[in-house]
Structure formats: C-alpha cells, structure tokens
Amino acid sequence: MESNRRTTLEDLLAQAHRVTRIAGTATGSIVPSSHRTLLALLARDGDHRVGEIAVQLRLAQPAVTQAVHALEGEGLVVRSPDPEDGRATRISLTPAGRASVDSWRRDLSDALSPMLGELSDDDWAALARTVAILASIDRSPR
C-alpha cells in the first residue's frame, strides 16, 4: 500500500509539473519561470526577505536578488525595511505585481481549457477535490 501511495505522489508531482510547463509554453510568455514562482509566492504568503524566498523556491540567494531587482524595475515588487531588523528588507507585491499574478493564472487557465474540454463533470469534481486536498497541506517545515 505504501508503495502505491509513493507512486501516486510521484506521478502527481510529475504530471502537475508537466501540465504547468505545457500551459506556460502555450501562453507564449517569455517571462522566466523563476520570476513567476517568486511573484506567486508573494501573492500566496505575503512579503518575505530575499533569503526566505531563496529557501522557499530552492534558489541561490544571488539569483533571487537578481530576480527581485528585475521585478522591481518592472514595478511588480517593492522593497521595504524589515520592522524586525533595520538592516534587512522585505519584498512585497505591488498592485501591478498582484495583477500580473492574476493575469498569468488566467492565461494558464485559458491555455489549458481546450486541452481539458472533454473532461466529464465527475472528472472536474475530482480535480476540484484534489485542489482542496492540496490546498489543505500545511506548508510549514517539520
């Protein structure tokens, strides 16, 4: 039984990644995926320090700093002093950054919709249940 669960989890992760790549490619966007995932993290969890972003996204801190600089130049994120440590800064979304995340999610959904057009109502219910299950997972490290 444990082996079946492991295989199911491995397959779920692989397929979710594959579908995201397919949808991302179908949008024609040339925005780096690291920028998209950084914006999505901020949209989901709120402001973070650069080091926290690096840990969450499993990226090198210089890569996150470079991405933040680029996104800041586009007006999608802002830096502000960390109230708990005056030497540090926190990165947060701007309204334009939030709109970018929302637009990207709509673009992905629009790209996937034709590929999923043949799904039954039961299939859609199963997907909705899967989303609810995944959303309930505690993100804190153990």
Joint cluster assignment, Leu41 & Val31, ILVMFWY side-chain distance < 4.5 Å: no

Do you know which two heavy atoms are closest between Thr27 and Gly24, and how far apart they sit? OG1-O, 2.7 Å

Can you give me the closest heavy-atom contact between Gly75 and Thr94, atom names plus distance? O-OG1, 2.6 Å

Do the non-hydrogen side-chain atoms of Leu12 and Leu134 ever get within less than 4.5 Å of each other? yes

Report the distance from atom CG of Asp47 to atom CD1 of Ile53, rounding to the nearest 0.5 Å. 9.0 Å

Tell me whether Glu84 at atom CD has more than 12 heavy atoms from other residues, nucleotides or ligands lying less than 6.0 Å away. no

Nearest 0.5 Å please: distance from the CD1 atom of Ile30 over to the NE2 atom of His35. 11.5 Å

Quick one, Leu112 and Met115 - any side-chain contact, counting heavy atoms below 4.5 Å? yes

Below 4.5 Å, heavy atoms only, C-beta onward: do Ser103 and Arg106 meet side chain to side chain? yes

Kindly indicate, with the supporting measurements, whether the criterion side-chain contact (heavy atoms from CB on, under 4.5 Å) is fulfilled by Leu116 and Asp123. CA-CA 10 Å; Leu116 303 176; Asp123 290 339; over 6 Å; no

Under 3.5 Å: donor-acceptor pair, side chain of Ser109, backbone of Arg105: no

Do you reckon Val50 sits in the same ILVMFWY cluster as Leu59, going by side-chain contacts under 4.5 Å, direct or chained? yes

Please confirm whether the backbone N or O of Trp104 pairs with a side-chain atom of Asp107, one donor and one acceptor, at under 3.5 Å? no

If I compare all heavy atoms of Ala43 with all of Val101, which pair ends up nearest, and what's the gap? CB-CG1, 4.0 Å

Please answer whether the main-chain N or O of Ser33 pairs with a side-chain N or O of Thr37 as donor and acceptor at a distance below 3.5 Å. yes

For the CG atom of Asp122 and the CZ atom of Arg129, what is their distance to the nearest 0.5 Å? 15.0 Å

CD on Glu10 to CZ on Arg5, rounded to 0.5 Å: 14.5 Å

If you measure from CG on Asn4 to CZ on Arg6, what distance do you get to the nearest 0.5 Å? 12.0 Å

I need the Leu76 CG to Ser92 OG distance, nearest 0.5 Å. 12.0 Å

Would you confirm whether Thr89, through its side chain, and Ser80, through its main-chain N or O, come within 3.5 Å as a donor-acceptor pair? no

Could you pull out the closest heavy-atom pair between Leu38 and Ala67, with the gap in Å? CD1-CB, 4.0 Å

Within-4.5 Å side-chain heavy-atom neighbours: Gln61 and Arg49: no

Check whether any side-chain heavy atom of Ile91 sits under 4.5 Å from a side-chain heavy atom of Val64, and report yes or no. no

Counting C-beta onward and ignoring hydrogens, is there a side-chain heavy-atom pair between Ser29 and Arg36 closer than 4.5 Å? yes

Do you know the tightest heavy-atom contact between Leu39 and Leu93? CD2-CD2, 3.5 Å

Which heavy-atom pair separates Ala26 from Ala111 by the least distance, and what is that distance? CB-CB, 3.8 Å

Within 6.0 angstrom of Gln66 CD, more than 12 heavy atoms from elsewhere: no

Residue among Asp45, Asp85, Asp82 satisfying salt bridge (charged side-chain N to carboxylate O under 4.0 Å, His left out) with Arg90: Asp82

More than 12 foreign heavy atoms under 6.0 Å from CG of Asp11: is that the case here? yes

